[in-house]
Asks: 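Dropping the structure in here first, questions after.
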Amino acid sequence: MDLERDLNPAQRQAVLTTEGPVLVIAGAGSGKTRTIVYRLARLVAGGVDPASILLLTFTRKAAQEMLSRAGLLLAMGPDGVSGVSGGTFHAFAFATLRRYHAAAGYPDGFTVLDQADSEDVLGQAKDKLGIGKGDRSFPRRSAILGLLSKARNKEMAVADVLSREAFHLLPYADAIGQLGEAYTAFKTDHNLLDYDDLLFRLEQTLLGNPDLADYLRVRHRYIMVDEYQDTNRVQARLTRLLAPASGNVMAVGDDAQSIYAFRGATVDNILDFPDLYPGTTVVKLEQNYRSTQPILTLTNAILANAGRKFEKHLFTTREDGPVPELMRPFSDLTQAAMVAAKVRELSRTYPLHEIAVLFRAGYQSYALEVELGKTGIPFQKFGGLKFSDAAHVKDVLSYLRLVRNTADFPAWSRVLAFVPGIGPKTATKIFEAIQAGDRGVLGKMAARTAEFKTLIEFLDTLRGLPPVPAALLERVVEAYAPLLAEKFPDDYPRRQAGLDQLQQIAAAYHDLDAFLADLVIENPGEDRKKTREDHVVLSTVHSSKGLEWSAVLLIDLVDERFPSRHALSRPEDLEEERRLLYVACTRAREYLALFAPETVYQRTTGGCSPALPSIFLRELPPGPLKERRERLGGSSSGTFAAGCAPPRAAAGSASMSGSPRPGAGPRPAPAGAPGNGAGPANGSARALGYCRHKIFGRGKIIATLDGGKYRVNFPDFGPKVILADYLELEDAS
DNA sequence: GCGCCCTTTTTTTTT
DNA sequence: AAAAGGGCGC
């Protein structure tokens, strides 16, 4: 470890200031991780006990990587520095609550609910109260949960959240509030904690137990919090509560990369840090070591249009490199082919795992996934579905959860669903009987169905065994195998492989609670995936945070997709989308391409409609991007879908066809005025009548389209667009 | 009460 | 394109 040689002056200052509060403003690619690693290593080398360091990061993987790199610096062997408490706020909260549950006056053996579990609990409350019954427009459980969680994380009233960003749901404000209360009560009664509870309950616990808080403050002489710009208000308060008596707190972050405001993160935390911790040393890391100058020129230009920001002057010594490209595929479908071709071309220069395709939302990669599959390019996707979200994994884990907490409703409902004759209603009844200790009902059920008796006996057997995760899991998987084939006839071998993987993960744990909670909070299945070599990476921008690749392709850069159409109405949301784009572009080391299809597929009309390049691209001055249009005779000719004519042939609507490069000429139409979307109602919901087709049979007309075409829903064939000539219309009666 | 079929509705990002 | 709700037969 040679601080003079390995670090620049600002980094060195951050590393050497080990006493007292420190705030590090770290621009993208400015060696933030290196700085934390060196600081860790220096602390340990200086004789600080690793057990007295607390390292809070955004993912467990980030913490592990830092510890392992610090270990390498200190030549401590492959495990790196051990004994440091580290991980996410949520994981730390779980570990602390579990460890000191007795002191805090809470029962042991609580269950941590993931999103799907929480939805089950909410659904239970909804059914019980009969709220929203029969109302098709009543918000989905996931939507309600999202609102409740948002209100909680932003520490606002539910009604305020609704009026700020979901005014169409205002009529449901009371119902949602009631559901929220029932949901909370249910969790308390049954010893269940959701993600938000972990943080808030830790705070309550520390406030209610000054001795415990004091103990933790003495124990952790050094705290480092990474990605501080993405902490929310409770997390900032937790940091303050945990801040060691020694005052050695370091926060690291970059306001320009704050992308979690939707769940309550606030950059105010960074701003307020120096006030909250008097005597704070503020260090700015401004030299970028990741990207070439042409990429930085683009990212600086993106940020230049930001409304509110803290001036930073990112610079690099890597002057040379290709100018980022703006690709203009004909449509989002040809975009997939173009991206695949580009990946293939890049793979001659870079290994596949050095290439990433990034997008705003998980669904945007579907077409590309198909295309990559066709062309045989292996890929790994991050963001979207998680390993532990898979139904078979949840099924198996439910048995283990019931070993620790018999009041775990979501687990019971999964497990009971396997017993023939037991559906949601009966399952609820049984659950309530178990809660009430009503052995009569259980006896009757057992007498009636043998499977139920077997299940109860099986659970009792499990509960009687020592709580070793791997051993218990083996029993469960063995018992579950026949159910697996029955429930998933198409793909149970693949799922079995997933369960084998789960067993491997379980083998690394000796504690059942930690195993179960980690799957929910940390998703170790994901780590395993991350190590795959020679796979192109597909990732949401959010999941790409903190990572970098030699080549980055960013797709669907058109209004309503990036920025997301949900973000168009409120300026703060739009600003967050801009930072998101900034994060995405700063992931690239050498090559960066942005794809803005000229038309996109629209589910609502079933066709393609012209798309405007993202507002963030239209705002750019000429220069930082080099535009390339897809050529009619080019590599992807013939791949665009029927009905998606090349834009020249398409009607001259508000597309870019007039100006050669965004921003080069006079400004195109202002944002928020897309040519479609708010158009005349096309009557998507109501039937316009019925008709008959020679092949598809009778169908319902859902919409009248231009060119004498109808959109018809055929019961056996799904929705189709058909010329009126081929249809026999029925009289509307 | 359960399970199947049909219809309607909605689709951001994550711990 | 998938999920959730309602209707209906068993």
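Chain naming here is simple, since letters A, B, ... match the order of the sequence lines and numbering starts at 1 in each. When reading the values below, keep in mind they use all heavy atoms of this one structure, side chains included, and skip hydrogens, waters and symmetry mates. Note that this is a predicted model, so its numbers are computed, not measured.
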Asks: Under 4.0 Å, counting only non-hydrogen atoms across every strand here, what does A/Glu576 touch: a base, just sugar-phosphate, or nothing?
Replies: nothing
Asks: Of the nucleotides B/dT13, B/dG1, B/dT12, which one has an atom closest to the side chain of A/Lys425?
Replies: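 Of B/dT13, B/dG1, B/dT12, B/dG1 is nearest to the side chain of A/Lys425.
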Asks: Tell me whether the ring of A/His542 lies stacked over the B/dT14 base, given a 5.5 Å limit on centroids and a 30° limit on the plane angle.
Replies: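 No, the aromatic ring of A/His542 does not stack with the base.
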Asks: Please state whether the rings of A/Tyr195 and A/His90 are parallel, tilted or perpendicular, taking 30° and 60° as the class boundaries.
Replies: perpendicular
Asks: Between A/Val419 and A/Ile521, who's closer to the 5' end of DNA chain B by nearest nucleotide?
Replies: A/Val419
Asks: How many Å lie between CG on A/Asp197 and P on B/dT14, as a whole number?
Replies: 21 Å
Asks: Rounding to an integer number of Å, can you tell me how far A/Leu199 CG sits from B/dT15 P?
Replies: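 Rounded to the whole Å, the gap is 13 Å.
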Asks: Taking only residues two or more places apart in sequence, or in another chain, which ones meet A/Arg561 in a salt bridge (charged side-chain N to carboxylate O under 4.0 Å, His left out)?
Replies: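 Once residues adjacent in sequence are excluded, the partners of A/Arg561 under the salt bridge (charged side-chain N to carboxylate O under 4.0 Å, His left out) criterion are A/Asp332, A/Asp556.
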Asks: Compare side-chain N and O positions of A/Thr540 against OP1 and OP2 of B/dT14 and report whether any pair is under 4.0 Å apart.
Replies: yes
Asks: Does the aromatic ring of A/Phe262 sit over the six-membered base ring of B/dT13, closer than 5.5 Å centre to centre and tilted less than 30°?
Replies: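 Whether judged by distance or by angle, A/Phe262 passes, so it stacks on the base of B/dT13.
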Asks: How close or far is atom C1' of B/dT15 from atom CG of A/Leu519, stated in whole angstroms?
Replies: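 It is 14 Å, rounded to the nearest whole Å.
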Asks: Using a distance-only criterion (donor-acceptor N/O pair, under 3.5 Å, no hydrogens), is the base of B/dT13 paired with the side chain of A/Arg360?
Replies: yes
Asks: Regarding A/Lys150 and the six-membered ring of A/Phe262, is the cationic atom NZ or CZ under 6.0 Å from the ring centre and inside 45° of its axis?
Replies: no
Asks: If you find the nucleotide of DNA chain B closest to A/Gly423 and the one closest to A/Asp196, which residue's nucleotide is nearer the 5' end?
Replies: A/Gly423
Asks: Is the backbone of A/Glu451 close enough, under 3.5 Å, to the side chain of A/Thr449 for a donor and an acceptor to pair up by distance?
Replies: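 Side chain of A/Thr449 to backbone of A/Glu451, a donor-acceptor pair under 3.5 Å: no, none is there.
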Asks: It should be established whether A/Arg140 places a side-chain nitrogen or oxygen under 4.0 Å from OP1 or OP2 of nucleotide C/dA3.
Replies: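 So the side chain of A/Arg140 is outside the cut-off, no N or O lying under 4.0 Å from OP1 or OP2 of C/dA3.
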Asks: Any Lys/Arg nitrogen of A/Arg401 or A/Asp513 sitting under 4.0 Å from an Asp/Glu carboxylate oxygen of the other?
Replies: no
Asks: Just the rounded figure in Å: distance from C1' of B/dT15 to CZ of A/Arg201.
Replies: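 So the two atoms are 17 Å apart, to the nearest Å.
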Asks: For A/Tyr260, report the nucleic acid contact type (base, sugar-phosphate, nothing); a contact means any heavy atom under 4.0 Å.
Replies: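 Sugar-phosphate only.
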Asks: Taking the P atom of each, how far is B/dT13 from C/dA4, in whole Å?
Replies: 16 Å
Asks: Can you tell me the Watson-Crick or wobble partner of B/dG3, both distances under 3.5 angstrom?
Replies: C/dC8
Asks: Expressed as a whole number of angstroms, how long is the span from A/His566:NE2 to B/dT12:P?
Replies: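 Computing the A/His566:NE2 to B/dT12:P distance gives 4 Å.
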Asks: Give one of base, sugar-phosphate or nothing for A/Ile422, where a contact means two heavy atoms less than 4.0 Å apart.
Replies: sugar-phosphate
Asks: Using whole Å, report how far CZ of A/Arg152 lies from C1' of B/dT14.
Replies: 16 Å
Asks: Taking the side chain of A/Thr88 as heavy atoms from C-beta outward, which of B/dT11, B/dT15, B/dC2 is closest to it?
Replies: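 It is B/dT15.
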Asks: Looking at B/dT15, B/dC2, B/dT13, which one has an atom nearest to any side-chain atom of A/Pro424?
Replies: B/dC2
Asks: Can you tell me if the side-chain N/O atoms of A/Ser543 get under 4.0 Å from OP1 or OP2 in B/dT13?
Replies: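 Answer no for this pair, as no side-chain N or O of A/Ser543 is under 4.0 Å from OP1 or OP2.
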Asks: Check the phosphate of C/dG5 against A/Lys126, side-chain N and O only, distance under 4.0 Å to OP1 or OP2. Yes or no?
Replies: yes
Asks: Does C/dA1 have a Watson-Crick or wobble partner in any strand here, with both distances under 3.5 angstrom, and which is it?
Replies: B/dT10
Asks: Provide, to the nearest angstrom, the distance between the NZ atom belonging to A/Lys61 and the P atom belonging to B/dT15.
Replies: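 Interatomic distance, NZ of A/Lys61 to P of B/dT15: 14 Å.
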Asks: A/Val520 versus A/Leu113: any side-chain heavy-atom pair under 4.5 Å?
Replies: no
Asks: Just how far, in rounded Å, is P of B/dT10 from OH of A/Tyr172?
Replies: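 Atom OH in A/Tyr172 sits about 9 Å away from atom P in B/dT10.
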